[in-house]
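Here the structure is laid out as structure tokens; the discussion comes afterwards.
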2 protein chains.
Amino acid sequence: MTVRLVDIAEHLGISVSTVSRVINGKDRVKDETRKRVLEAVEELQYRPNEIARSLRYQNSMTIAVIVPDLSNNFFNLLTKGAATAAKEDNYLTILCNSDYDQKMEQEYMNLLVQKQVDGVILATVCKEKDYFENIITDDMPVVFVDNLPDVDLDFNYVTIDNERAAYDLTAHLIQQGYEDIAVLTGSLHETSAVKRLQGWENAMKSHDMTINQQFIGVGDFRIESGYNMMASMLNRRKRPDAVLAANNYLAYGAIRAAQDKGLLIPDDLYVVCFDAVDKTGLININIPSIIQPAQKIGEVAAETLVKRITDKNYTLYDNIILEPIFKG
Amino acid sequence: MTVRLVDIAEHLGISVSTVSRVINGKDRVKDETRKRVLEAVEELQYRPNEIARSLRYQNSMTIAVIVPDLSNNFFNLLTKGAATAAKEDNYLTILCNSDYDQKMEQEYMNLLVQKQVDGVILATVCKEKDYFENIITDDMPVVFVDNLPDVDLDFNYVTIDNERAAYDLTAHLIQQGYEDIAVLTGSLHETSAVKRLQGWENAMKSHDMTINQQFIGVGDFRIESGYNMMASMLNRRKRPDAVLAANNYLAYGAIRAAQDKGLLIPDDLYVVCFDAVDKTGLININIPSIIQPAQKIGEVAAETLVKRITDKNYTLYDNIILEPIFKG
DNA sequence: CATTATTGTAAAAACGTTATTACAAGTTAA
DNA sequence: TTAACTTGTAATAACGTTTTTACAATAATG
């Protein structure tokens, strides 16, 4: 049986309130009484029941992180950063893997509201307006990461400038002299996919490059998608000589497809992408890449969220754009 | 302001208990009353407060997963599997990243007890006896994964047979004709490190191979450790011609060290290890490997934990050894 | 018609905290 | 010495549920 406040009180023959006051240290208690209480707490191994405390205080000291896929490097780093930073502020973190499924994401959101979590870090898989009118309320603070909702409402987010990063990568390709530049991106329900596509398009246009509709691949952010899209591009008569992949998995798939067709990387197809971090150190293909500070994004998101939770005056507009690094 | 049971009751001019009975469907209510309640629930957007429910029911419908490092592929797959399976059983999952730090792990355990989580999946970083006498109690169910405590107490776990797997890998090396076989393993505070070392040793002995103490490397499970240990082995006059690495990161580090010395893999150093899953498809070095079913381990651990939580008669001895696959 | 079942609802107690209010005892000031 | 403060503690009312007990009103039985 677990030890409650009243057990300590009975054990010492004093009232519950006195014990509580000792433990919370908010009010004055005679030194001798305090000492006896602390000893009893130690002896009986009393641990305050956080559930009861939450009910009383109307907060749960818990946040949640919703990500599409925890086995994706970007998301597990982000999650790790968030959980670590949250812990610093005495929050525990509930993990939700939405599996790239909007319905599951929504279901988690509802569960979390009932669970009275104090806030959510959301890497959503859907940018559509109507979906968010229920989510962005004053009831529960949400900080968006990676993908942002496409609404006029105010909301907090932590991200990089995806459009600019994609622009820079594309400009890099153009400067190197590539002419038939393709792009592979994820689902257009996700703003990261859209922004990166736009960055590519803007760079192409502002450098007077011709945009070949055949060279625009829209799929999802997984490796198979990259493989399939590139394989079908390479089946055509006119092949791209370079490609911007909107994330590392698309790039890996694309490279695989090219290699399976007997092409050489980067001679026959030059690939650049986002987030190609080689954790093994064994990949000898060079994939120039914009690396998002994933763990940092998670940390900053958690810190931002905690600010919003604890400080009602925290400015909604105070959003954060982090700088990625270029590795080529 | 959030809507409570009593708000619905007042809105309809009936008692709280009736509303509660409709929502929980446990007792009979007049059809018309039920209908009115359900409409009001919809209209006022009532969502039961899970905190209050937890206090009443004395359970939180929450489990926790403690892992050393979420950015390690094995652990993020495990965590993903656990969270997904837990969700199936209506449990949410709190994520704790211990950062390979026993103190932090312990700290998390204490927090989780206070938080009244219903159970914990623990990938501990310490096997030592005394540490666990507080942890393995009847108070809170724990299911161990990856590393097991080194105690006589009964506890639940889900794992592969590490010793046998290491034995098999080593035997594989011996059969291929390698003679100077090294081993790299993690901290001996972790049973996975110990068991894999023992498997190597047993295989060597039972095949009458000479065990060179210089060829035994004990560090931690991270890539730098693999690099450093292998680098120092390769600095000696007598070099190994093959090595068993106790996980993929050790292997990557070792390969890197060999390559930096100008050696060729696998010609000059044949490397086998645990869990070398190439998510990129771009690694063209073949690393024969025993692959643990990481996600499955997480799923089974969560299912086992839920069984222990809900069914007090669930046999403590009913533990699970999953089969890894060999990929070479 | 009187008695016994059945059905629907309400009131209250509990889960374990904490904050507010109240009050006794001790201390200082007039 | 009486009035006004301090100081330490107790009792109580929340926080939002659910379950138990009790009691009406209605229906079924003799």
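Per chain, numbering begins at 1; letters A, B, ... match sequence-line order. The figures here come from the full heavy-atom set of this structure, side chains too, leaving out hydrogens, waters and symmetry mates.
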Remember a base hit wins even if backbone is also touched, and classify [X] as base, sugar-phosphate or nothing at under 4.0 Å, heavy atoms.
X: B:Ile14; value: sugar-phosphate
X: B:Ser20; value: base
X: B:Ser54; value: nothing
X: A:Ser17; value: base

TODO: State which residues pass ring pair (Phe, Tyr, Trp, His ring centres under 6.0 Å) with A:Tyr46; sequence neighbours excluded, sorted by chain then number.
DONE: none

Atom-pair distance ([atom1] on [X]; [atom2] on [N]), nearest Å:
X: A:Ile51; N: D:dT18; atom1: CD1; atom2: P; result: 14 Å
X: A:Gln58; N: D:dA13; atom1: CD; atom2: P; result: 19 Å
X: B:Ile23; N: D:dG16; atom1: CD1; atom2: P; result: 14 Å
X: B:Glu32; N: D:dA25; atom1: CD; atom2: P; result: 18 Å

Open item on the list: Cation-pi check for B:Phe144 against B:Lys127: NZ or CZ below 6.0 Å from the six-membered ring centre and within 45 degrees of the axis, yes or no?
Closed with: no

Open item on the list: Quick check against the 3.5 Å criterion: does A:Asp89 have a side-chain atom that pairs as donor or acceptor with the backbone of A:Tyr91?
Closed with: no

- [ ] Note the angle between the end axes of the helix from C:dC1-D:dG30 to C:dA30-D:dT1, five pairs defining each, rounded to 10 degrees.
- [x] 60°

Task: Inter-residue atom distance A:Asn147.CG - A:Glu190.CD, 0.5 Å rounding - done: 4.5 Å

Task: Nearest-0.5 Å distance that lies between atom OG1 in B:Thr159 and atom CD in B:Gln292 - done: 6.5 Å

TODO: Indicate whether the side chain of B:Asn76 and that of A:Ser71 have a donor and an acceptor atom separated by less than 3.5 Å.
DONE: no

Task: Whichever of B:Ser15 and B:Arg56 has its nearest DNA chain C nucleotide further upstream toward 5' - done: B:Ser15

Open item on the list: Assuming nearest nucleotide by heavy-atom distance, tell me which of A:Asn49 and B:Val16 is located more 5' along DNA chain C.
Closed with: B:Val16

TODO: Look at the side chain of A:Arg53 and the base of C:dT17, then say whether one donor and one acceptor between them are separated by less than 3.5 Å.
DONE: no

TODO: Would you mind checking if B:Glu39 and B:Arg36 are paired as a salt bridge, meaning a charged N to carboxylate O distance below 4.0 Å?
DONE: no

